[in-house]
J.: 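Structure provided below as structure tokens; questions to follow.
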Number of protein chains: 2
Amino acid sequence: MQLTRQSEYAIRTILELSSLPEGEFIQSRTVSVRQELPERFLNKTVQILARAGLVETRRGMQGGIRLAVKPEAITIADVVGVVEGKIAINPCLADGYHCANRSECRVRGILNRAQEAMLAELGRENFAGLAGNDIAEEAV
Amino acid sequence: MQLTRQSEYAIRTILELSSLPEGEFIQSRTVSVRQELPERFLNKTVQILARAGLVETRRGMQGGIRLAVKPEAITIADVVGVVEGKIAINPCLADGYHCANRSECRVRGILNRAQEAMLAELGRENFAGLAGNDIAEEAV
DNA sequence: CTAAAACAGGATAAATACAATCTAATTACT
DNA sequence: AGTAATTAGATTGTATTTATCCTGTTTTAG
């Protein structure tokens, strides 16, 4: 019942990128050093974020990575969803799962509500606020 | 980000026990057959539940297992907590974890709230209600 | 145009954790 | 005693997670 380490790495990467001036690139190596993350593994994670359209990459000298969308538009729920795929805290909540008494199962109902409650919290605040560069930060 | 299968087995076991007449024993083998759970693995799970004081066991002929407390006093959160230990959806939320800026970390704050929200839902309803032998069931 | 910088991506290895099984022992009832 | 049931530790099997390696491709500085 834990997020993977890769999810945390991704969160910290997005957090790092969110605190940069808009449009600026930073090398993934720098992220790995600053956040003390294993460099090669982080590269994989960045690829996932890039394929999902959260991060933009540029190769070659002066290359690096940056957000592909505004930090205001990204939440922890988004990042975790990208890295781990659609979340299902129990197999019976996953898409395509078949269970005879799926509809009447009260356990499933509770698990579902618990999952929704968790995801709601993970999606409540965006990375502008998390990175502390949100204008309304004081008002939160 | 999933409960272990063992957690689900435990939930289904408690559910099965909750629907029995109070005080009655049932063999763990019967539970494994009815719920289609691997018998030997379920035995392990029952042991965990027994050590935690949720289930009572009796050996020998006419033996079996039964709830050690009333179904009203058990929630899914309890069962999962027993099987998986204290839940921490990220290492930084676990007891004894040390992190320099633990206090100001806003990510940690969100993860914590998400976890609490989930646990609150998992603890909202008890097994009397879940097993359908709750007087107030219709009113839920 | 070439060399270096930086990401891309597949393959693979190492480490963990999860799930399941096996064997033998203990307990309790008849 | 004999049988039925749980107890417990050891062990095996499997899947997932984490991490690394190597080679390739793109970009740009010089």
Side-chain angles (χ1 to χ4, degrees), chain A residues 1-13 16-17 24-33 35-68 80 82-85 87-91 94, chain B residues 1-13 16-17 24-33 35-68 80 82-85 87-91 94:
Chain A
M1 197 47 175
Q2 271 207 352
L3 297 171
T4 60
R5 239 177 266 184
Q6 192 167 34
S7 282
E8 194 189 327
Y9 295 171
I11 290 168
R12 282 155 76 175
T13 300
E16 193 77 29
L17 296 181
E24 187 169 307
F25 281 93
I26 187 179
Q27 292 158 23
S28 70
R29 174 143 215 292
T30 307
V31 175
S32 80
V33 170
Q35 297 282 341
E36 299 180 34
L37 310 179
E39 184 181 351
R40 295 174 192 271
F41 188 53
L42 181 61
N43 287 344
K44 293 291 177 200
T45 310
V46 166
Q47 279 181 44
I48 292 170
L49 295 172
R51 287 196 199 114
L54 291 183
V55 161
E56 209 172 296
T57 65
R58 188 157 85 182
R59 299 202 252 200
M61 288 181 84
Q62 313 302 322
I65 65 180
R66 70 179 177 193
L67 290 186
V80 173
V82 161
V83 174
E84 305 197 15
I87 286 185
I89 65 173
N90 201 54
Chain B
M1 197 46 175
Q2 271 206 354
L3 297 171
T4 60
R5 241 176 267 185
Q6 192 166 34
S7 282
E8 194 190 326
Y9 296 171
I11 290 169
R12 282 155 76 176
T13 299
E16 192 77 29
L17 296 181
E24 186 169 308
F25 282 94
I26 186 178
Q27 291 160 22
S28 69
R29 175 144 214 292
T30 306
V31 175
S32 78
V33 170
Q35 298 281 340
E36 298 180 35
L37 309 179
E39 183 181 351
R40 294 172 191 272
F41 188 53
L42 181 61
N43 287 344
K44 291 290 178 199
T45 311
V46 167
Q47 279 180 43
I48 293 170
L49 294 172
R51 285 195 201 115
L54 291 184
V55 161
E56 208 172 296
T57 64
R58 188 157 83 182
R59 299 203 251 200
M61 287 181 85
Q62 312 301 322
I65 63 180
R66 68 179 179 193
L67 291 185
V80 173
V82 161
V83 174
E84 305 197 15
I87 285 186
I89 64 171
N90 201 54

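Chain A is the first sequence line, chain B the second, and so forth, proteins listed ahead of strands; every chain is numbered from 1.
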J.: Atom CD1 of B:I26 to atom C1' of D:dT6: distance rounded to whole Å?
T.: 15 Å

J.: At under 4.0 Å, does any side-chain N or O of A:Y9 touch on OP1 or OP2 of D:dT18?
T.: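 Answer no for this pair, as no side-chain N or O of A:Y9 is under 4.0 Å from OP1 or OP2.
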
J.: For the CD atom of A:Q2 and the CE atom of B:M1, what is their distance to the nearest 0.5 Å?
T.: 9.0 Å

J.: In this structure, how many angstroms lie between the P atom of D:dA15 and the CD atom of A:E84, rounded?
T.: 20 Å

J.: Measuring from atom CG of A:L49 to atom CD of A:Q6, what distance do you get when rounded to the nearest 0.5 angstrom?
T.: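 These two atoms lie 8.5 Å from each other.
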
J.: Over all heavy atoms of both residues, which pair between A:R12 and A:Q35 is shortest? Give the atoms and the distance, please.
T.: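 The answer is NH2-O, 2.8 Å.
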
J.: Given atom CZ of B:F41 and atom P of D:dG13, what is their separation to the nearest angstrom?
T.: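 Going from B:F41 (CZ) to D:dG13 (P), I get 17 Å.
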
J.: How long is the straight-line distance from CZ of B:R5 back to CG of B:L37, given to the nearest 0.5 Å?
T.: 11.0 Å

J.: In whole angstrom, give the distance that lies between atom CG of B:L3 and atom P of C:dC18.
T.: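 My rounded result for the distance is 11 Å.
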
J.: What is the distance, to the nearest angstrom, from the CD atom on A:E8 to the P atom on D:dT18?
T.: 10 Å

J.: Measure the distance from CD on B:Q27 to P on C:dC29 and round it to the nearest whole Å.
T.: 14 Å

J.: Which nucleotide wins on minimum distance to the side chain of B:R40, given the candidates D:dA5, C:dC7, C:dC22?
T.: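 Out of D:dA5, C:dC7, C:dC22, the nucleotide with an atom closest to B:R40's side chain is C:dC22.
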
J.: Taking atom CD of A:Q27 and atom CD of A:Q62, what is their separation to the nearest 0.5 Å?
T.: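 A:Q27 atom CD to A:Q62 atom CD measures 8.0 Å (nearest 0.5 Å).
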
J.: Checking A:F41 now: which residues fulfil ring pair (Phe, Tyr, Trp, His ring centres under 6.0 Å) with it, not counting sequence neighbours?
T.: A:Y9

J.: Just the rounded figure in Å: distance from C1' of C:dA5 to CZ of A:F25.
T.: 14 Å

J.: Hey, does the side chain of A:S28 come within less than 4.0 Å of C:dC7's phosphate (OP1/OP2), counting only N and O?
T.: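 Indeed, a polar side-chain atom of A:S28 lies that close.
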
J.: Does a nitrogen or oxygen in the side chain of A:R29 sit under 4.0 Å from OP1 or OP2 of C:dA6?
T.: no

J.: How far does CD of A:E8 sit from OG1 of A:T13, to the nearest 0.5 angstrom?
T.: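 Those atoms lie 10.0 Å apart.
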
J.: Using only atom types and a distance under 3.5 Å, with no angle test, would you say the side chain of B:R58 pairs donor to acceptor with the backbone of B:F25?
T.: no

J.: Could you check how far CE of B:M1 sits from P of D:dT17, rounded to whole Å?
T.: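 After rounding, the reported distance stands at 12 Å.
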
J.: Using 0.5 Å steps for rounding, measure from the CG atom of A:L67 to the CD atom of A:E16.
T.: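 Rounded to the nearest 0.5 Å, the CG-CD separation comes to 11.0 Å.
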
J.: Within less than 4.0 Å of OP1 or OP2 of C:dT16, is there a side-chain N or O belonging to A:R5?
T.: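 Answer is no, no contact under 4.0 Å.
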
J.: I need the residues from residues 53-66 of chain A with at least one non-hydrogen atom less than 4.0 Å from DNA chain D; give them sorted by number, or say none.
T.: A:R59, A:G60, A:M61, A:Q62

J.: Which residues, if any, of residues 42-52 of chain B bring a heavy atom under 4.0 Å of DNA chain C?
T.: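 Result for residues 42-52 of chain B: B:K44, sorted by number.
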
J.: Nearest to the side chain of B:Q6 - C:dC7, C:dT21, C:dA19?
T.: C:dA19

